[in-house]
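None of these values were measured; they are calculated from a predicted model.
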Amino acid sequence: MEEIEVKRNPLGIKVFVVGKPDIEHMTEDEYGLFVSSLEMRMNEYLEKMNESK
């Protein structure tokens, strides 16, 4: 697992991946989908954490 640095990270959340996506060569659309997918998964995780409290 490797930590990656994302361009826009207002929450300062550390992002780890298995393998390393080639962010530098993604189109803007691909990058947007990548970040949206991460955001969706983070929201799902945070919702589960809040439900378990």
Side-chain angles (χ1 to χ4, degrees):
M1 199 176 308
E2 185 174 345
E3 182 178 1
I4 61 170
E5 185 176 324
V6 292
K7 295 177 185 177
R8 289 174 238 129
N9 189 358
L11 298 177
I13 295 173
K14 290 185 177 187
V15 177
F16 294 88
V17 296
V18 175
K20 188 170 182 179
D22 193 359
I23 295 173
E24 298 300 319
H25 295 99
M26 286 183 181
T27 65
E28 191 168 328
D29 288 341
E30 289 172 327
Y31 182 78
L33 289 170
F34 176 71
V35 173
S36 294
S37 177
L38 287 174
E39 179 184 21
M40 185 175 62
R41 290 177 184 257
M42 287 174 15
N43 286 334
E44 289 171 358
Y45 173 78
L46 292 173
E47 286 175 8
K48 285 180 184 177
M49 293 299 293
N50 285 332
E51 289 173 0
S52 67
K53 288 183 178 182

Exercise. Could you pull out all residues at least two apart from D22 that satisfy side chain to side chain contact (heavy atoms under 4.5 Å, CB included)?
Key: E24, H25
Quiz item: Are there more than 12 heavy atoms of other residues, nucleotides or ligands under 6.0 Å from atom CD of E3?
Solution: yes
Return a table of donor-acceptor pairs under 3.5 angstrom between the side chains of residues 31-46 and protein atoms on other chains or two or more places apart.
{"from": "Y31", "atom 1": "OH", "to": "K7", "atom 2": "N", "distance (Å)": "3.2"}
{"from": "S36", "atom 1": "OG", "to": "G32", "atom 2": "O", "distance (Å)": "2.8"}
{"from": "N43", "atom 1": "ND2", "to": "E39", "atom 2": "O", "distance (Å)": "3.4"}

Output a table of donor-acceptor pairs, distance under 3.5 Å, between side-chain atoms of residues 11-19 and any protein atom two or more places apart or on a different chain; print 'none' if there are none.
none

Quiz item: What pairs with E2 under salt bridge (Lys or Arg N to Asp or Glu O under 4.0 Å), at least two apart in sequence or on another chain?
Solution: K20
